[in-house]
Amino acid sequence: MSALSDLLAAGARVGGHYPWPCVAVTADVWRQATACLAEGAVTLLSLWGDTGRVHMALLSAEEAPPIAVLSLDCPSLRYPSVGASHPPAIRLERAIRDLFGLEAEGALDVRPWLDHGRWGEETPPPYRFLPVQGEALHQIPVGPVHAGIIEPGHFRFTAEGETVVRLEERLGYVHKGVDALLAGAQIGRAERIVARVSGDSTVAYSLGFARAVEAALDIAVPERAVWLRAVMAEMERLANHFGDFGAICNDASFSIMLAHCAVLRERVLRAAMACFGHRLMMDRIVPGGVTRDLDEAGVGMLLTLVESLGEAFAPLAELYDKTASLQDRTVTTGILKPALAAQFGAGGYVGRASGRGFDARRSVGYAPYDQLNFTVPVREDGDVNARAWIRIEEIRESLKLLEQLLTRLPDGPVLASLENAFPGPGEGMALVEAFRGDLLVWLRIVDGHVDRCHLRDASWFQWPLLEVVIEGNIVADFPLCNKSFNCSYSGHDL
Amino acid sequence: MLKTLLQGLRRPLTEAPPTPDPALAALAANLDATARKRLGHSLSIRQVDAGSCNGCELEIHALNNAFHDLERFGLRFVASPRHADVLLVTGPVTKNMKEALERTWRATPDPKWVVAVGDCGADAGVFAGSYAVVGGVSAVIPVDLVIRGCPPSPEQLLRGLLSLLGS
């Protein structure tokens, strides 16, 4: 495997880009990279626009370095489409056109994506859903306002009787203009915006942003802060997995699981409030370290919490395993085939339930996870049951990780000053494991402010797969499939 | 197994109602007393995310857990605006959600109240000034009560909602 290093050798190295290399490439090398993606030699991590340029981040976990960025100048505001031969790029290309006006030449789908035609004063044009043809089909439009306490998006189902033959998603409803708000923002303002891109992953977003800034400006983070960040990240993962697992069971009308899991989730959030001063631990991770230290009493409280959560969760996992009526709903429902998970580089429990064992904490790796023992659970079945089980196993792993983190927490300061830091220009990136999958942050710092920041939530590559897994399932199983994915709307819509 | 689990929930997890917030009580006092009389001590709530980061949704969800047990106060979430007395609206209202929010509001029968939730619901928070954001909830529909916070805690949400019911 040398696809990534071959591509790197074919471009001109861009200076000041950390920690992974970036090369400026010609349109021919860009096409060559697209061919590598289509063959599956490398995985697409992201594709994003810049002023008159496009960048793509590629992953090849077996190579060193495992990640590379290719940059292509587009003086005519056009670039060769990646999505034309590699479908995971299609929505990213549509978003690039909406936000940066850069056209993907040869693209198969040129409809706008995040732009609903409402940012100006003009009347929005009707959106063209893809045609579905066949006998006795009917459509079920759902959303953007849904029936529960969830984010807005539109789902257009085409069904034949009870069976879904096609689902088309339309997203972008919660687009808040994050890219534009971040361009030109001081780091202090930018970190507050980034923490509010997807509230359920606020710790992961702040962690990714902080790591990218630190990479760009060569800031050394105190050891204790690195470990406290991981404490928060694992608490966030636990809280979300408890919530998701309960909610998946609730969508199969097994509400007692939600009742119990919601209690466990609440205990995590209360401990977060007591130890870090915010239930979701928002704004606690900043470039340079963390804003709150954990005292001895806090360590003790969290260790007690870890123990009690482990005890309380064990019978719940057993209950799931032994309730045939519940498994009747989850087993063989919403199957994602491993080949598709690999093609889309599906992160998190979506990928890991379908044979893709990628976890940014392990596969790319970052401190302090290199010093900790944990297993990355992987299953092959790819159904709702497998995605539920990945969560069960990850809850156990996070509890083990927290115990290690808390008992081996190094001493020392928790925040390095940015006052005398290198002001840039510099480009930095980070790939961190949020609860729903790998989150990529890429940014350029100029004169101490963010010049451009791109955030790619794991949801970008999971949402299209949800359209696939529901096919052939009954309409009533959509909530189960959807909850087992639990993609972020806000993290995707930006 | 099931028996143990049922017993596990029987322990008294549910907490005493929060003490009323004077500022919220004053706001609620301005509400139409006749409307409140007609609805009594029971409110059906339709939550609308008009652009939130989903942080507020997480805490609104927490109102239903065993600690907060929203339904004991006669407050419950409903699936349709046509069944609702209260719209609980989060987010900076994005331009892409403005029409959906207006239509949801029109679909809610009178008398109805609108509660704007979170710093973003109040005035668009950190997203104020974006080309893609209209503003706080009151920039689109009339707002009766604002519950600030980023996100507001379940206790803050509960205080706000209870102030709607009056004492």
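Throughout, protein chains are lettered first and strands after them, A, B, ... in sequence-line order, and every chain is numbered starting at 1. Worth saying up front: this structure is predicted, and the values here are computed from it rather than measured.
Judged by distance alone, with hydrogens and angles left aside, the side-chain atoms of B:K95 form no donor-acceptor pair with the main-chain N or O of A:H116 at under 3.5 Å.
The two residues A:R279 and B:P154 make their nearest non-hydrogen contact at NH2-CG, 3.3 Å. When all heavy atoms of B:S130 and A:G177 are compared, the closest pair comes out as OG-CA, 3.8 Å.
Around the CZ atom of A:R111, the shell of radius 6.0 Å holds more than 12 heavy atoms that belong to other residues, nucleotides or ligands. Within 6.0 Å of CD in A:E307 there are 12 or fewer heavy atoms belonging to other residues, nucleotides or ligands.
Side chains of A:Y173 and B:D49 form no contact here, defined as non-hydrogen atoms less than 4.5 Å apart. Using a 4.5 Å cut-off on side-chain heavy atoms (C-beta onward), B:Q47 and A:I150 make no contact. Contact of the B:V126 side chain with the A:L181 side chain is not registered, since no non-hydrogen atoms from C-beta on lie closer than 4.5 Å. Residues A:R196 and B:C150 are in side-chain contact: their nearest non-hydrogen atoms beyond the backbone lie under 4.5 Å apart. You'll find the side chain of B:M97 reaches within 4.5 Å of the side chain of A:P144, heavy atoms only. In this structure the side chain of B:P151 reaches within 4.5 angstrom of the side chain of A:H278, judged on heavy atoms.
Looking only at heavy-atom pairs under 4.5 Å with chain A, the residue among B:C53, B:G125, B:G51, B:A79 that has the most is B:C53. Contact count against chain B (heavy-atom pairs under 4.5 Å) is highest for A:D200 among A:D200, A:L280, A:D493. Counting heavy-atom pairs closer than 4.5 Å to chain A, the top residue among B:R103, B:E57, B:R46 is B:R46.
Note on A:R270 versus B:E155: salt bridge recorded, some NZ/NE/NH1/NH2 to OD/OE distance being below 4.0 Å.
Interface remark: B:F127 contributes backbone and side-chain atoms alike to the contact with chain A (heavy atom separation under 4.5 Å). Residue contact with chain B, scored on non-hydrogen atoms closer than 4.5 Å, is absent for A:L258. When heavy atoms are compared at a cutoff of 4.5 Å, A:I149 approaches chain B by way of both its backbone and its side chain. Only the side chain of B:T104 comes within less than 4.5 Å of a heavy atom of chain A; its backbone N, CA, C and O stay farther away. For B:V78, the part lying near chain A is the backbone, with the side chain staying farther off; criterion is any non-hydrogen pair under 4.5 Å.
Aromatic ring centroids of A:H175 and B:Y131 lie under 6.0 Å apart.
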**Stepwise side chain to side chain contact (heavy atoms under 4.5 Å, CB included) test for B:H68 and A:E266** = CA-CA 10 Å; B:H68 304 111; A:E266 180 71 18; 3.2 Å; yes

**Request:** List the steps and the verdict of side chain to side chain contact (heavy atoms under 4.5 Å, CB included) for A:V263 and B:L13.
**Result:** CA-CA 9 Å; A:V263 168; B:L13 289 172; 3.6 Å; yes

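Put simply, CZ on B:F67 and CZ on A:R265 are 12.5 Å apart, with the number rounded to the nearest 0.5 Å. Interatomic distance, CG of B:N54 versus OG of A:S198, reported as 4.5 Å (0.5 Å rounding). A:L171 contributes atom CG, which lies 11.0 Å from atom CG of B:N96 (distance to the nearest 0.5 angstrom). With rounding to the nearest 0.5 angstrom, the CZ atom of A:R118 is 9.0 Å from the NZ atom of B:K98.
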